[in-house]
There are 2 protein chains.
Amino acid sequence: METLSAAESLAALGHETRLAIFRALVQAGPEGLKAGAVGEALGLAPATLSFHLAHLSRVGLIRGRQESRFIFYSADYSAMGELIAFLTDNCCQGKACLPVSACAETTEKSSAPTGACEGESCV
Amino acid sequence: METLSAAESLAALGHETRLAIFRALVQAGPEGLKAGAVGEALGLAPATLSFHLAHLSRVGLIRGRQESRFIFYSADYSAMGELIAFLTDNCCQGKACLPVSACAETTEKSSAPTGACEGESCV
DNA sequence: TTTATATTTCGATAATACTCGAAACATGGA
DNA sequence: TCCATGTTTCGAGTATTATCGAAATATAAA
């Protein structure tokens with residue numbers, strides 16, 4: 001994951017409403033939720049909801065699938081996984097900032113670590 | 001970490017310039033970097049740099065300490081750790097989206113998991 | 001005390017993002 | 001076909017954020 005895309009994902013989650021939407025979709029599981037259900041749960045005007053869903057969609061954190069008359073949105077777990085991998089690989093000095101448990105290899109195989117994350121600071 | 005503060009941290013990192021600043025500070029280690037060095041490395045006008053440093057400071061992701069005539073900024077690893085813990089605790093369905101390695105308890109003791117993260121989906 | 005350097009604050013401008021009513025666009029049922 | 005419902009797009013208004021020159025502040029050296 002390159003830093004532009006990481007910044008875009010972070011920005012997408014960096015808005016209280018969108019973060020709430022994303023959390024709701026995560027909780028809903030792979031099935032996801034109808035757009036309407038999300039709006040109802042969070043008390044959002046349809047246009048506002050659509051705006052934020054589109055934003056999250058555009059950066060790849062969620063996806064929508066049409067099902068009869070409804071559109072179900074669901075969280076894209078792998079996108080979130082990549083984002084977390086980016087943060088641990090690029091934003092943790094020797095992983096010193098990580099919860100101990102997370103102190104190990106990441107899915108991204110620590111692609112070209114930028115100097116940090118040599119791994120020796122794991123407890 | 002409550003979601004407002006999480007959203008604020010995410011938004012702070014959700015800007016290419018600030019993300020680059022933060023990464024540079026992480027790479028620099030606990031010593032950090034003089035503000036000027038950051039600006040030089042990234043080619044930022046002093047006022048612009050100051051604006052972004054203040055933003056990152058305000059949300060607690062970095063801190064500055066005066067040292068003689070300079071101000072050294074350094075990344076706050078624990079703040080980053082809390083952010084990552086928030087994401088893994090609140091934005092990962094049963095941690096299915098996590099890099100395998102990170103599939104375990106987090107520092108935050110999974111405070112009141114919101115329904116996700118029962119842990120059974122760990123590989 | 002004067003001068004030089006480092007950084008921030010101020011102020012103005014430009015750009016971007018957010019909200020939401022109203023209208024348009026599906027899709028499926030009557 | 002017509003109607004009802006769910007969702008998006010449009011358009012306009014408002015608010016927030018980003019950029020950066022210039023001025024102000026702080027610290028230290030001459």
Query raised in the report: How about T88(A) and I84(B): do any of their side-chain heavy atoms sit closer than 4.5 Å?
Result: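 Of all side-chain heavy-atom pairs linking I84(B) with T88(A), at least one is under 4.5 Å.
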
For [N], does OP1 or OP2 lie under 4.0 Å from any side-chain N or O of [X]?
X      : N       : result
H52(A) : dA17(C) : no
T48(B) : dC20(D) : yes
R18(A) : dC18(C) : yes
Y73(B) : dT8(C)  : yes

What's the closest nucleotide to the side chain of [X] if the choices are [options]?
X      : options                   : result
T17(B) : dG21(D), dA22(C), dT19(D) : dT19(D)
A35(B) : dT19(D), dT8(C), dT8(D)   : dT8(C)
R69(B) : dT8(D), dA29(D), dA18(D)  : dA29(D)

Report task. Would you mind telling me which residue lines up with the more 5' stretch of DNA chain C, P46(B) or G14(A), judged by nearest nucleotide? Result ->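 By nearest-heavy-atom nucleotide position, the 5'-most residue is P46(B).
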
Query raised in the report: Which atoms form the tightest heavy-atom contact between L19(A) and L13(A), and what is the distance?
Result: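 So the two residues come closest at CB-O, 3.5 Å.
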
Query raised in the report: For S9(B) and V59(B), which heavy atoms make the closest approach, and how far apart are they?
Result: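 Scanning both residues, the minimum pair turns out to be OG-O, 4.1 Å.
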
Query raised in the report: NA contact type, A47(A), heavy-atom cut-off 4.0 Å: base, sugar-phosphate, or nothing?
Result: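 The answer is base, as A47(A) lies within the cut-off (heavy atoms under 4.0 Å) of a base atom.
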
Query raised in the report: With a non-hydrogen cut-off below 4.0 angstrom, is S68(B) in contact with a base, only sugar-phosphate, or nothing?
Result: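 Sugar-phosphate contact only - S68(B) comes under 4.0 Å of backbone atoms but never of a base.
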
Rounding to an integer number of Å, can you tell me how far [X] [atom1] sits from [N] [atom2]?
X      : N       : atom1 : atom2 : answer
F72(A) : dA26(C) : CZ    : P     : 20 Å
K34(A) : dG28(C) : NZ    : P     : 13 Å
F51(A) : dC20(C) : CZ    : C1'   : 12 Å
E67(A) : dA26(C) : CD    : C1'   : 16 Å
E16(A) : dC18(C) : CD    : C1'   : 14 Å
R65(A) : dT8(D)  : CZ    : P     : 14 Å
I71(A) : dG28(C) : CD1   : P     : 11 Å
H55(A) : dC18(C) : NE2   : C1'   : 11 Å

**Report entry** R65(A)/E67(A) ion pair, N-O < 4.0 Å
**Finding:**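 E67(A) and R65(A): salt-bridged.
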
Requested in this report: Could you tell me whether the side chain of R18(B) and the main chain of H52(B) form a donor-acceptor pair under 3.5 Å?
Outcome: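 The answer is no, because no donor-acceptor pair under 3.5 Å joins these two groups.
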
